[in-house]
Structure formats: C-alpha cells, structure tokens
Amino acid sequence: MKRIAFSNLAAPGWTLERTLEAVGEYGYDGLELRLLDGEPIDPASVDAETRRGVGKALARTAVTLVSLDTSIELARPFERGLPAALELASDWGAPTVRVFGGEAPALHEIARRLEPALDRAEQLGVTIALETHDSFASAALVAELLQRVGIERFAALWDVHHPYRVGESPEEVVRALGASIHLVHVKDARRRGDGWELVPLGDGEVPVRESLAALHAAGYDGWLTVEWEKRWHPELDEPEVALPRDLETLQRWLGGYENSGTSFRRSASSSIVSSDGRDS
C-alpha cells in the first residue's frame, strides 16, 4: 500500500499537537505542514521560539513530516523566502518544500534565479517540488521548466485536480512528468457554473482512480497526500469527518487496484461541498 499523508489545511482549528495525534489516530502515515496556528506558514517569518517548539513537537511524536508547503511563487521574488523554507524544512526533518509557479514569466529566468537555492537544497538534502497549479497547472509546462533546470532536487508535485481542469488526462500527466513526480496531492471536485466545488473522494469528476492507476503503472512509490481545503473553505466537512472518510476511500481504491491489477472505474458522483478553487 502507498504511504498516505494529509495536509493540515483540513484542520485549521487544531493545534499542532492535536494534528500530530490525529495522524496515528486516523491511520495516516505522515503529515504535510501548511499551517501554524491556523495560518499559512511564512518560512521567513518563523521566529526562533516557534522553530524550536515545532521541532520538539515533531520529535516527541515521531510523525513523518512529508513536506513543508509554502506559498512561494517562482514567478515572484523568492530569493529570501525559498532559502528560509529550505533551512526550516531541514530543521524540521521535511524532505520537501512545496512551491507554486505563479504567473509564468520566461522559464529561463526562473531557471536562472533558482540556481543558488538549488545548490543549498542539494547541501541540505531537501527537494523543491513545483505544484501543478495556477499558471503551471499544465504538467507539460511544469515538465518544460524541470527540463530547463535539469536538477534532481527540483521535482514535480502532481495535484490531480488542476491538470484535469486544464484538459490533461492522467496518462498525459505521467507521460510529461514521469520519474520527476515527487509527491501527489489527492482531491476530488466537480464543476459548478464557472468554478469548481470540492467534494469527498469519489463524489466528483476528477479522475482520481485513473490517476492512481497511471501512477501504479509508472512504478510511483512516493507519498499520496489527502488535501481537504477547509482552511480556504470553512463550509467543508470538519476534519473529524473528512480525514477518516477520505483515507478509507483511498485505501479501498488502492487495495482493490493493487490486489487485482485491474483499472479503476469512475463511480457516480453524489454530495457537493462548495469551493472556489483557492490556492492550497
């Protein structure tokens, strides 16, 4: 079975201690850290006391920290924030720093500005993972930037919703990104008017099971992270409901596929939870 984490976007009202307890309580294998005290983490603003406190809490529980998820956009100045994020991830034992692309300028310019940060990432043993999101929702565009950079420490985070939203199939995503897929965010949604609504896994139109099948066929053995975006959408189900439910669904799908070797099929969609597709 794949290792499954959740992002603490799902539980903005929880303390870090409660979040860490929930990892084992609900049967998850790890955690992606996006929030502290309910707010998005700004690595450059984390003070020494907070830094030590989080480190101690992680050490006490031995929870695997899968990624430090930031709001850093590569199309904007990141020369201060990204090195700070790499140092923080290293201190907290996270092997990955998630970044966004933002509004894409010239790819060669991003590649050039990344060089010092990637040198430091290599020294620290931390991977910078660019999410398929915003102007970089297309896996083909992410792949183009990865090829320009050409360094293993710069990899892809596949959010299964966004490439589908811009018309790419799971097979096309895997063909474009291949072995550079470092981490996968799992969520479901369906169209409502001009936007999208987030829904429980299996209730929407995002080809989540087809994505799992494509990953399995490609030999992906990395993390899958349930991303329930309650921080951005307070109307979504509480984490006590959403996290056990989506883990059970994901484990059932994975178990059925990995045991039988057959492809997943879409099920009928049902309940809808409102979402405006905000950054995660």
Salt bridge or not for [X] and [Y], using N-O below 4.0 Å?
X      : Y      : result
Glu235 : Lys230 : no
Asp221 : Arg3   : no
Glu25  : Arg18  : yes

task: Spell out, yes or no, whether Leu86 and Leu130 are grouped together once hydrophobic residues are joined by side-chain heavy atoms under 4.5 Å, including indirect joins.
output: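 Result: yes, single cluster for both.
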
- request: Tell me whether Leu177 is reachable from Val97 by hopping between hydrophobic residues (I, L, V, M, F, W, Y) whose side-chain heavy atoms are closer than 4.5 Å.
  value: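 Cluster IDs for Val97 and Leu177 match.
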
message: Please verify the inter-ring angle class for Trp14 with Tyr26; under 30° counts as parallel, over 60° as perpendicular, anything in between as tilted.
response: tilted

field: Residue pairs passing the salt bridge (charged side-chain N to carboxylate O under 4.0 Å, His left out) test where at least one lies in residues 160-178, sequence neighbours excluded
entry: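 Every pair satisfying salt bridge (charged side-chain N to carboxylate O under 4.0 Å, His left out) with a residue in residues 160-178: there are none.
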
query: Listed by chain and number, what are the salt bridge (charged side-chain N to carboxylate O under 4.0 Å, His left out) partners of Arg112, not counting sequence neighbours?
result: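 Arg112: salt bridge (charged side-chain N to carboxylate O under 4.0 Å, His left out) contacts with Glu109.
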
- prompt: Mind checking what makes salt bridge (charged side-chain N to carboxylate O under 4.0 Å, His left out) contact with Glu115, not counting sequence neighbours?
  reply: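 So Glu115 forms no salt bridge (charged side-chain N to carboxylate O under 4.0 Å, His left out) with any residue.
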
- prompt: Mind checking whether Ser169 and Tyr164 have side chains closer than 4.5 Å, heavy atoms only?
  reply: no

message: Measuring only between side-chain heavy atoms, which start at C-beta, is Pro207 closer than 4.5 Å to Val160?
response: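 Counting from C-beta outward, Pro207 and Val160 never come under 4.5 Å.
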
- request: Count the heavy atoms belonging to other residues, nucleotides or ligands that lie under 6.0 Å from CD of Glu79, then report whether that count exceeds 12.
  value: yes

message: With a 6.0 Å cut-off (strictly less than), is the heavy-atom count around CG of Asp37, excluding the residue itself, greater than 12?
response: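 Check fails, neighbour count at 12 or below.
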
message: Tell me which pairs pass ring pair (Phe, Tyr, Trp, His ring centres under 6.0 Å) where either residue lies in residues 28-54, with sequence neighbours left out.
response: Phe6-Tyr28

Donor-acceptor contacts under 3.5 Å from residues 145-154 side chains, at least two apart:
{"residue": "Arg153", "atom": "NH1", "partner": "Gly125", "partner atom": "O", "Å": "3.3"}
{"residue": "Arg153", "atom": "NH1", "partner": "Thr127", "partner atom": "OG1", "Å": "3.2"}

Test ring-ring contact (aromatic ring centres under 6.0 Å, His included) applied to Tyr220 - qualifying residues, sequence neighbours left out: none

field: Centroid separation His161 to Trp196 less than 6.0 Å
entry: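 Under 6.0 Å, so yes.
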
